There are 2 protein chains.
Amino acid sequence: MPRIPASERRVALVLAAVQVIGRGGVSAATTRAIVAEAGMSLASFHYAFTSHDELMAEVVRWVIAEERGAILPDGIEIGSLEDVARAGLQRYFDLLRADPEREQAVNELALYALRTPDMQHLARQQYEGYHALAAAALTFAAEHTGSEWTRPVDEVARLLVALTDGLTLAWLVDRDDTAAGHLIDNAAALVAGMAHTR
Amino acid sequence: MPRIPASERRVALVLAAVQVIGRGGVSAATTRAIVAEAGMSLASFHYAFTSHDELMAEVVRWVIAEERGAILPDGIEIGSLEDVARAGLQRYFDLLRADPEREQAVNELALYALRTPDMQHLARQQYEGYHALAAAALTFAAEHTGSEWTRPVDEVARLLVALTDGLTLAWLVDRDDTAAGHLIDNAAALVAGMAHTR
DNA sequence: CTCCGAGTGGGTCGATCGTCCCACTTGTTG
DNA sequence: CAACAAGTGGGACGATCGACCCACTCGGAG
């Protein structure tokens, strides 16, 4: 085994934990399973982390941070507000389809954090991040399509996040691409209906 | 300990398991914890169930069946379609607020079932049930308000379920009653907007 | 009253969990 | 070259998990 500083061990272990959780759920994220995935020994684990709980907290933080970046649009959308909304939802859905286990892991981690007293604030941060992200995207989209929201943007944001969560859960369960597509279309139309041209 | 037939033990253990899961999550649903909650001995458990997995499957089935009944309206709503929709969502939300741990347990059980190969079909049944229930309620509501859906009722149903799931997750995380209220109002208005008077 | 099967209690098994410890090796610093 | 800190390996700890076994005690049928 090559010598690796503890700081690098930490990120390697977090990545390994995400892999393991994606494959078998939070309950499979055993200390031993994680070090096996990372190709380390148990001692290396407890050299980088003082406890398994500390790692899990780091995993949640990592997933939150990564999720934040993945949702952001890579380019500026063109078209009506409904087109922009649909494109945004579709991009998220493509992400979901590309790596379903990962998104399932994110959901499980949110519920896990909610159950762990010391990590509840992380779950809250996670959803605050979602809402802020949605609000920013909605504000941006409205400006660039010359429209304005008829309801406070925070309300529209919360609605969008709720729709996204619901879309995720439903698709994870039945993997119905057609139904998800219709849901995206309808959701985009409804969200766009909450704005009028300025 | 009084003598209790195995069939009654089974339902008592399932109820105890639901309690334990609501209090501490799926991972806390240990055979011993369940038995302690039910006030039984370990032997009684393995006399009523051949394995812990068999109990968990029964728990999922139980929760699905119970959820189905809880959502149904107790009376006939009066007013516009939007009022009916809002009343329905509000009734669900009251249920959620009355017993948050229970609804959290339902979510965790759905993800748990999704992870367990032999139980994936149960998770699918669960969501098929939700969608069917929503579709029935929407059809009923449309008829009794003299309106008809401008989109296939299955699509509206899936949207409603997604909104409900999203509302649940968001509120479980931040417990923001005000935001949830606004979300309910907006969701009701949007759903009602997907129908026109006949 | 007898007997037999349904139900119960308590102890125990092997596996696995998180954690810890100690001897060892390596790279770096003076 | 010596010395020390950083990192590694493997084994072991106690706790807890699901499962099981066996001796027992009831209650109801004959």
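Keep in mind that what you see is a predicted model, and the values were worked out from it rather than measured. Residue numbers start from 1 in every chain, and the chains themselves are labelled A, B, ... in the order their sequence lines are given, proteins ahead of strands.
Using a cut-off of 4.0 Å between Lys/Arg side-chain N and Asp/Glu carboxylate O, R97(A) and E103(A) are scored as not salt-bridged. Salt bridge R115(A)/E101(B): absent, no basic N to carboxylate O contact under 4.0 Å. Comment: E66(B) engages R102(B) in a salt bridge, judged by a side-chain N to carboxylate O separation of less than 4.0 angstrom.
DNA chain C lies under 4.0 Å from at least one heavy atom of each of the following residues of residues 28-38 of chain A: T30(A), T31(A), R32(A).
F45(A) and F49(A) have tilted rings, their planes meeting at an angle from 30° to 60° on a 0 to 90° scale.
Side-chain polar atoms of Y112(A) and N107(A) form no donor-acceptor pair below 3.5 angstrom.
Rounded to an integer number of Å, the gap from CE of M40(B) to P of dG10(C) is 15 Å. Spacing between atom CG of L42(A) and atom P of dT16(C) amounts to 14 Å, rounded to whole angstrom units. With rounding to whole Å, I4(B) atom CD1 is found 23 Å from dG5(C) atom P. dA6(C) atom C1' lies 19 Å from atom CZ of F45(B), rounded to whole Å. Distance, R10(B) CZ to dA6(C) P: 16 Å, rounded to whole Å. Atom CE of M56(A) is separated from atom C1' of dC17(C) by 14 Å (rounded to the nearest Å). Between E54(A) atom CD and dC20(C) atom P there is a gap of 12 Å when expressed in whole angstrom units. Here the C1' atom of nucleotide dG18(D) and the CG atom of D53(B) are 9 Å apart, to the nearest Å.
Considering only side-chain atoms of H46(A), the nucleotide from dA6(C), dT19(C), dG7(D) that sits closest is dT19(C). In the set dT8(D), dT19(C), dG9(C), dG9(C) carries the atom at the smallest distance from any side-chain atom of S44(B). Comparing dA19(D), dT8(C), dT19(C) against the side chain of S51(B) picks out dA19(D) as the nearest. Of the listed nucleotides (dA6(D), dG18(D), dT19(C)), dA6(D) has the atom at the smallest distance from the side chain of R3(A). With dT8(D), dA6(C), dC20(C) as the choices, the nucleotide that has an atom nearest any side-chain atom of Y47(B) turns out to be dA6(C).
Residues satisfying the side-chain hydrogen bond (donor to acceptor under 3.5 Å, both in side chains) test with N186(A), not counting sequence neighbours, are R151(B), E155(B). Judged as a side-chain hydrogen bond (donor to acceptor under 3.5 Å, both in side chains), and not counting sequence neighbours, T150(B) has no contacts.
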